[in-house]
Each structure stands twice: as structure tokens, then as C-alpha cells.
A.B. asks: 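Structure provided below as C-alpha cells; questions to follow.
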Amino acid sequence: MAEELPQRQTDIGPPNYKDFLPPVIKNNYGKWKYHEKLSGGSMVHVGESGDELYTVRVASPRLVSTDFIRDLTAIADKYCDGYLRFTTRHNVEFLVSDKSKVDPLLAELKEKKYMIGGIGDGISNIVHTQGWVHCHSAATDASGLVKVLMDEFADYFTGAKELPARVRLAVACCTNMCGAVHCSDIAVVGIHRKPPRIDQDGVKKACEVPSTIASCPTGAISPDPKNKSVKIKDEKCMYCGNCYSVCPALPISDPDNDGVAIVAGGKIGSLRSDPKFSKLVVPFLPNNTPKWPEVVSTFRNILTAYEAGAVKHERLGEWIERIGWEKFFELTNIPFTHQHIDDFTIARETYRTSAAFKW
Ligand code: SF4
Ligand code: SF4
């Protein structure tokens, strides 16, 4: 076995995660025998040594206050020797190595109204991005959408209701997709629908023309020497907002035309079937704040049809592939539109084909 290299101290990159592992994980690293779910928000890992690690999971709103973090760390100090972790889906996990502390921990979390859950066949917390709070190119809000969806589907998080398998939800507020939208069971992605506007004076003052032109993946931007600015060919623009990241004088946000698309059927895991990319389900829904009723009812439709039709352990994408996308649109009452047809240059790859024809 290769010898582990000595750890060098540098100021580049994150510190080694192994420095932060709870002792029970360090001692049983790679030697876990099994794990099992105890409730909607707790599970136990048992090592070959007989050691046990209890995990208690709660939701977090992701954009959190220092008071919230202080409270989490105080709870972790009290019950888990200070050990907790944040999961990739913004759940918080308290890692308890002393079984006698699990029930008191659960009692305190309940008393403080933390939402305990996210383990097993239901939804976990919704991985999401910055939204209007923080990012320049957001076409929708992330925190607002997540709040309404989690309010609506809380029972699937806490374990009060179960689904056939785990359902991972995600929200990204633009097509840069900082959230895991491309590989989640159901996800929302913010979309712009108009080309950026050009602030000629701003381009002159704040932007580098060659890098602005180079930032456009479709070649829609060209120089405008007369105005010392740039021109945009509208018909070539796909409203991605890349140019706005490079040149702040090309704003793309538009309250009347921005909104969201919904995609479904993705997954990361390779259990039973290969990982899958999500596919477009609804091309556009408006930003009907603060409750996004159209988005919530679309999620409800998809989850209800999936719950009724899928077999145990079948992920949403696997269920759709088994029944066929035509049936999926029929069961969910979602209209099939021209936007669902992939007309990208290499679309051929995504068509179902037989020796005779594509459809
Ligand atoms: Fe910003 Fe887009 Fe990422 Fe949202 S998804 S945080 S708008 S880059
Ligand atoms: Fe090009 Fe995207 Fe800017 Fe449109 S929004 S001009 S496609 S970089």
C-alpha cells in the first residue's frame, strides 16, 4: 500500500479534512460494518470495532445568521464534543458518539423548533444558490423559492410522509447553476428571456471590449468601434448572462421577463442505474413572488404522480424512463411544448433512434 505523504503546511487550498474528523470516525475510518435509519432525522453507523456513531440531521436555510451558527455550535459542544458537519445539501448533522446523548439532543432541537429530518426515502434540504440576496446574475430568488417549497413539503422531510425513494431537490437562480440542478430529481433553474441591454457609456468606462466579446459562448457580441462599445446580435443570444459577469454595463435582469424553468429526472448515485442528467419539464414559469404558486403546484403534481406510480426504491428518473416521458407528461398534466425539443447543434446525441428513424 502506498505510504501516505507527510502533510505540508501551505496557505493554498483548504486544510486536510482528516484534521476535523470526530475521533470515532478517525478510529473506524474505512471499517464501518453497516448503518441504519432510526427515524426521519437520525441514523446510526456501526463499526467493525463495535463503535457507534449517531447522526442527527436538521434543515438549515443556508444563508444563516451568526446567532444561528452560535446556537448550532453551542448544541454541538453540549452533545457531540463540538462535532457537526454541513452536508452538500445544506443539512446540518450533529455527530454523536455517546448514545445516551441522542434523546436529550433530539429533545433540545425539538424545543428550539429545528426541523429534524432529511434521512431516508423523502426529500432532504434543498441545495440552492444565492438568489437576489447576493448574486448579480440571478433570474429568480433562491431563498424565497426554497422557503415556499420546504414549507409545502415539510412532511416529506421530517419523515411524516415517505416517498418511494429519496428525492433530491435543487434551486439555481440562473443557468450558471451553482446548485446541483443538472443532477437532482426535481429542480428549478432561473432563466432570463431577453438579451442584455447595452449601457454604451458604462461599457466605455468599466469594460474591456476583447474580454467581453470572448465571454460570449455563441459569438453574439462584436465590437462597436464608433461608440467604443460592443454590439449584440439578438438572434444569436441565448440569454446566459455570461457577458454581464465580465462587463457590468450589460445588465440582463428583467423583472417582466425573468422566471424559472423546471427540470427533473437527474441523479448522482450509480445505484441500480447510471447517474443521469435532469431534463426539461416546464420551460417557463413566472416569478410570482412571494409564494411562487405555479412552481409549488408543479412540484406537487410531479411528486404525487411519482408517489402513486413508482415502485419502492425507484428514483424519479428511473420511474420516468420506465413509464416513458410521454406518459410522464400525461400523468403530471404538464403540456409538451416546442421548447422541449432539443435543437442544439449536437442534439442528435439526445434523440432516441432506431435503424430507420429518430423520434
Ligand atoms: Fe449567481 Fe447564477 Fe450562481 Fe445563482 S446560479 S448564484 S445567479 S451565478
Ligand atoms: Fe452572449 Fe450570453 Fe451575453 Fe447573450 S447573454 S450576449 S449569449 S454572453
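Small disclaimer: the values here were computed from a predicted structure and weren't measured. Counting starts at 1 for both ligands and their atoms, in listed order.
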A.B. asks: Determine if the SG-SG distance between C173 and C135 falls under 2.5 Å.
C.D. replies: no

A.B. asks: Starting from atom 8 (S) of ligand 1, which protein heavy atom do you reach first, and at what distance in Å?
C.D. replies: N176 ND2, 3.4 Å

A.B. asks: As an exercise, identify every atom of ligand 1 less than 4.0 angstrom from a heavy atom of S137.
C.D. replies: 1 (Fe), 2 (Fe), 7 (S), 8 (S)

A.B. asks: Closer than 4.0 Å to some heavy atom of N242 - which atoms of ligand 2 meet that?
C.D. replies: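 Those qualifying, in numeric order: 8 (S).
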
A.B. asks: For atom 6 (S) of ligand 1, grab the closest protein heavy atom and report residue, atom and distance to one decimal in Å.
C.D. replies: Q130 CG, 3.2 Å

A.B. asks: Measuring from K231:NZ to I198:CD1, what's the distance to the nearest 0.5 Å?
C.D. replies: 9.5 Å

A.B. asks: Tell me the protein heavy atom at minimum distance from atom 5 (S) of ligand 2, and give that distance in Å.
C.D. replies: G241 N, 3.2 Å

A.B. asks: Is the terminal nitrogen or CZ of R193 (NZ for Lys, CZ for Arg) located under 6.0 angstrom from the six-membered ring centre of F284 and within 45° of that ring's axis?
C.D. replies: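 Relative to the ring axis of F284, which defines the angle, R193 lies inside both limits.
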
A.B. asks: Check this for me: K26, atom NZ, are more than 12 non-hydrogen atoms of other residues, nucleotides or ligands nearer than 6.0 Å?
C.D. replies: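 Buried by this count: over 12 neighbours within 6.0 Å.
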
A.B. asks: Check whether any side-chain heavy atom of L72 sits under 4.5 Å from a side-chain heavy atom of F86, and report yes or no.
C.D. replies: yes

A.B. asks: For ligand 1, which atoms have a heavy atom of C178 less than 4.0 angstrom away?
C.D. replies: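 So the atoms of ligand 1 that pass are 3 (Fe), 5 (S), 6 (S), 8 (S).
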
A.B. asks: Using a strict 4.0 Å threshold on nitrogen-to-oxygen distance, state whether D185 and R315 make a salt bridge.
C.D. replies: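 So D185 pairs with R315 through a salt bridge.
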
A.B. asks: Starting from atom 1 (Fe) of ligand 1, which protein heavy atom do you reach first, and at what distance in Å?
C.D. replies: C135 SG, 2.2 Å

A.B. asks: Are the charged groups of E52 and K99 less than 4.0 angstrom apart, N to O?
C.D. replies: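 A salt bridge is absent here (no side-chain N lies under 4.0 Å from a carboxylate O).
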
A.B. asks: Find all atoms of ligand 2 within a distance of less than 4.0 Å from any non-hydrogen atom belonging to T218, and give their numbers and elements.
C.D. replies: 7 (S)

A.B. asks: Is the number of heavy atoms from other residues, nucleotides or ligands under 6.0 Å of K37 NZ greater than 12?
C.D. replies: yes

A.B. asks: Regarding C216, does it place an N, O or S atom less than 2.8 Å from atom 1 (Fe) of ligand 2?
C.D. replies: yes

A.B. asks: Report yes or no: does a heavy atom of P195 sit under 4.0 Å from some atom of ligand 2?
C.D. replies: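 The answer is no, since P195 has no heavy atom less than 4.0 Å from ligand 2.
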
A.B. asks: Could you tell me the residue and atom name of the protein heavy atom closest to atom 3 (Fe) of ligand 2, and the distance to it rounded to 0.1 Å?
C.D. replies: C243 SG, 2.3 Å

A.B. asks: Which residue holds the protein heavy atom closest to atom 4 (Fe) of ligand 1, what is that atom called, and what is the gap in Å?
C.D. replies: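 For atom 4 (Fe) of ligand 1, the nearest protein heavy atom is C173 SG, 2.3 Å.
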
A.B. asks: Near M177, which atoms of ligand 1 are under 4.0 Å from a heavy atom of that residue?
C.D. replies: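 Numbered from 1, ligand 1 contributes 5 (S).
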
A.B. asks: Got the closest protein heavy atom to atom 7 (S) of ligand 2, with its distance?
C.D. replies: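 Minimum-distance protein heavy atom for atom 7 (S) of ligand 2 reads M238 N, 3.3 Å.
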
A.B. asks: Show the atoms of ligand 2 that are less than 4.0 angstrom away from any heavy atom in I221.
C.D. replies: 6 (S)

A.B. asks: Run the contact test for G219 against ligand 2 with a 4.0 Å cut-off on heavy atoms, strictly below, and give the result.
C.D. replies: no

A.B. asks: Please lay out, stage by stage, how E314 and R272 fare under the test salt bridge (Lys or Arg N to Asp or Glu O under 4.0 Å).
C.D. replies: CA-CA 9 Å; E314 192 172 41; R272 286 180 304 278; over 6 Å; no

A.B. asks: Rounded to the nearest 0.5 Å, how far does CD1 of I302 lie from CG of L169?
C.D. replies: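 Here the rounded value is 10.0 Å.
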
A.B. asks: Could you list which atoms of ligand 2 come closer than 4.0 Å to a heavy atom of P217?
C.D. replies: 8 (S)

A.B. asks: Which residue holds the protein heavy atom closest to atom 2 (Fe) of ligand 1, what is that atom called, and what is the gap in Å?
C.D. replies: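 Ranked first by proximity to atom 2 (Fe) of ligand 1 is C174 SG, 2.3 Å.
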
A.B. asks: Are any of the side-chain heavy atoms of K194 and D256 separated by less than 4.5 Å?
C.D. replies: no

A.B. asks: Check ligand 1 against A138 and write out every atom of the ligand that is under 4.0 Å from a heavy-atom position of the residue.
C.D. replies: 7 (S)

A.B. asks: Does NZ belonging to K226 count more than 12 external heavy atoms closer than 6.0 Å?
C.D. replies: no

